[in-house]
> 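Take this structure, written in structure tokens, and hold onto it; I'll ask about it next.
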Amino acid sequence: MTIPDSNRPSDFIRDIVTEDLKAGKNNNRVHTRFPPEPNGYLHIGHAKSICLNFGIARDFNGLCNLRFDDTNPTKEEVEYVESIKEDVRWLGFDWGDRMYYASDYFEQMYRYAVQLIKAGKAYVCDLNADEIRQYRGTLTAPGKDSPYRNRSIEEDIDLFERMRAGEFPDGSRTLRAKIDMTSGNINMRDPVIYRILHAEHHRTGNKWCIYPMYDFAHCVSDSIEGITHSICTLEFEDHRPLYDWFLDELKVKCHPQQIEFARLNLSYTVMSKRRLLRLVEGGFVNGWNDPRMPTISGLRRRGYTPESIRNFCERIGVAKRDSVVDIALLEYCIREDLNKTAPRVMAVLRPLKVIIINYPEDKTEELDAVNNPEDPAMGMRKVAFSKILYIERDDFREDPPKQFFRLAPGREVRLRYAYYITCVKVIKDEKTCEVVELHCTYDPATRGGDAPDKRKVKATLHWVSASHAIEAEVRLYDHLLLKEDPDDVEEGKDFKSNINPNSLETLTYCRLEPCLADARSGSRYQFERMGYFCVDPDSSAGKPVFNRTVTLRDTWAKIEKGQKEGVRSKE
RNA sequence: UGGGGAGUCGUCCAACGGCAGGACGGCAGACUCUGGAUCUGCUUAUAGGGGUUCGAAUCCUCUCUCCCCAGCCA
């Protein structure tokens, strides 16, 4: 047995596991499982569960299984199985040779069901769905017994066999547990164990036309796999008595302990599969792996690293209280990772032409640039400088507001790794009055970016040489939802009315350092002063496409926002 | 109005009868060839009332608020 290091995360579940180990429970084994239903793509909420289950196994020298909870053939598909496997692996977890399916156990489950019938603990019920609902009672009123509750065991066995044999149509009969129709816990009011579903299953094909319900299948699967701690989310808390009832009545050797924790919620985000599906089907995003989606595949395409997601899951902790984690924490985690690992590069997203009027017409210089100031081992590169450059449109203001340190008429700034330049003339479009070009002078003595006379400039700008730069498309993403709480809507509306119409902005004529020409799909960079970006699979030869993963922390943007709000409040 | 849970800084998580702490955010400053990074400081919390105790976020009690459950979904 291994007790986790003090620097490992601790939480109430790990505390329970530690206590169990101290007490010598489960022969000192720790065995968890991650049990997704293959009916959708994994999202960051699943990542929390994955990190918890695999993390506990790792910390306590135990094992964690991957198990597909595939008991509803009408909703499940192999496509999802594949994506789930890929996502778990990408997150950095390994289930070894322990990939299972609940459907692997259908035969055993059937035998267990027969065992329950023989013990007088289950019966075949002929009530239809509607009638079952009526008999169930309500939250405050008890239910009443099904008229089929007291059939003979022989008749129940016969009927159940015939259910399996396909003699009855969908919905005509169910197998039910015989518990207590007056229980305050509705899950204990003779819950359905098996339903008839003449549907093809993605693994068992047409072998079965009856399928077990979650409550039965899950505890049995856990028990068969020798799970010690069955970790699930809060909404299953009142299923626990049923989980225990089945395993007690079945008298199985392995009776795992179900422990519930609060699912992850993120501000400015919806998380349920149902809602994510609506975003996809409603065309609000371009598929499950749209970089705006909180799916693992979306985050991956957005440029998130597995490390950053694991780190996030560790930082948010595990508890039983409903909570909403600030998405700023996720963003902090990816910045923290990429700051240390992403090579720096200069990219001008919204180009403004600059002509260095005192620079020779045909000259090109190769200047030294640092690849990553956080990691000298990443080395240096050369960047080309010449007479015509592009700078960021936002880095120039004809009429600079207070605290704007960047370029303005008559002002001197530094071009990173290059020269100090001073803006001497602003060229505008005659009709639109839009600034189209800047004429600047450079100080040859400042080559490399340092002034021999030690004079300071307040800003350093990124830039590219017009004749050397390559063109690229860059996609800027913002929160998909406008409000921290997507459910904060007017009466009668839903979260879709909070969808941010500007969550994607596509920039087509961005100018990048030429070294980015054949950047590999998925590779990540910091565009200096702009943020972290990663190469999208939509890229093609000569036409790279970048996704903005996250901006850099932007003090100026904050000041500017404050200034604008200040003006607004005075109006 | 049945049953099951949960209430600690703005947010998330700790503190397990003994000084309410960390992280993110926010604010201020230092430094800086990224308004980045880094560093420093500040900010703010035990839902409420009663009780037990030398001592309560923690134990007891009453109240309040929030979440989940009436699928032949998981």
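Chain A is the first sequence line, chain B the second, and so forth, proteins listed ahead of strands; every chain is numbered from 1.
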> Could you tell me whether the side chain of A/Glu237 has a donor or acceptor atom within less than 3.5 Å of a complementary atom in the base of B/G3?
no
> Is the ring centre of A/Phe216 less than 6.0 Å from the ring centre of A/Phe246?
yes
> B/G36, OP1 or OP2 - any side-chain N/O from A/Thr555 closer than 4.0 Å?
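Yes, such a contact exists.
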> State the syn/anti category of B/G29 according to its glycosidic angle, syn meaning within 90° of 0.
anti
> For B/A28, give its Watson-Crick or G-U wobble partner with both distances under 3.5 Å, or none.
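Matched B/A28 with B/U40 under the 3.5 Å cut-off.
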> Can you check the distance between B/G2 and B/U63, where both ends of the measurement are the P atom (answer in whole Å)?
12 Å
> In whole Å, I'd like the distance from the CG atom of A/Asp554 to the P atom of B/G36.
8 Å
> Within the modelled atom types, does a donor on one side and an acceptor on the other bring the side chain of A/Gln526 and the base of B/U34 under 3.5 Å apart?
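Answer is yes: a donor-acceptor pair is held.
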> With both distances under 3.5 angstrom, what nucleotide forms a Watson-Crick or G-U wobble pair with B/C73?
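Partner of B/C73: none.
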> Provide the distance between the two C1' atoms, one in B/C19 and one in B/C54, to the nearest whole Å.
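Rounded to whole Å, the distance is 16 Å.
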> Under 4.0 Å between any heavy atoms, over every strand shown, what does A/Arg136 touch: base, sugar-phosphate, or nothing? Just pick one.
sugar-phosphate
> Students often get this wrong, so: under 4.0 angstrom with heavy atoms, is A/Thr138 touching a base, only sugar-phosphate, or nothing?
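The answer is base, as A/Thr138 lies within the cut-off (heavy atoms under 4.0 Å) of a base atom.
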> Below 3.5 Å is the cut-off: list the nitrogen or oxygen pairs between protein and nucleotides 23-25 of chain B, distance only.
residue: B/A23; atom: O2'; partner: A/Arg315; partner atom: NH1; Å: 2.8
residue: B/C24; atom: OP1; partner: A/Tyr332; partner atom: OH; Å: 2.9

> Using purine N1 to pyrimidine N3 plus N6-O4 or O6-N4 for Watson-Crick, or N1-O2 and O6-N3 for G-U wobble, each under 3.5 Å, what pairs with B/G55?
none
> Would you measure the distance from the C1' atom in B/C9 across to the matching atom in B/A30 and give it in whole Å?
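Looking at atom C1' only, B/C9 and B/A30 are 26 Å apart.
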> Determine whether the aromatic ring centres of A/Phe312 and A/Tyr304 lie less than 6.0 Å apart.
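Distance test on ring centres: not under 6.0 Å, no.
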> Respond yes when some side-chain nitrogen or oxygen of A/Arg406 is under 4.0 Å from OP1 or OP2 of B/G35, and no when none is.
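Checking A/Arg406 against B/G35: no side-chain N or O falls below 4.0 Å of OP1 or OP2.
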> Would you measure the distance from the P atom in B/A47 across to the matching atom in B/A14 and give it in whole Å?
15 Å
> Considering only atom P, compute the distance from B/G50 to B/U44 and round it to an integer number of Å.
25 Å
> When both hydrogen-bonding distances must be under 3.5 Å and the geometry is Watson-Crick or G-U wobble, what is B/A23 paired with, if anything?
B/U11
> Any strand is fair game: report the nucleotide pairing with B/C66 by Watson-Crick or G-U wobble, both distances under 3.5 Å, or none.
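For B/C66, the partner nucleotide comes out as B/G5, under the 3.5 Å rule.
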> Please classify the nucleic acid contact of A/Met530 as base, sugar-phosphate, or nothing, using heavy-atom distances under 4.0 Å.
nothing
> Say we look at B/C31 and B/A37: how far apart would their C1' atoms be, to the nearest angstrom?
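B/C31 and B/A37 have their C1' atoms separated by 11 Å.
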> Can you tell me how far P in B/C16 sits from the matching atom in B/G41, rounded to whole Å?
26 Å
> Taking the six-membered ring for Trp, are the ring centroids of A/His218 and A/Tyr214 within less than 6.0 Å of each other?
yes
> Would you kindly give the CG-to-P distance between A/Leu242 and B/G3, to the nearest whole Å?
19 Å
> Mind checking the P distance from B/C62 to B/G55? Whole angstroms is fine.
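Those two atoms are separated by 23 Å.
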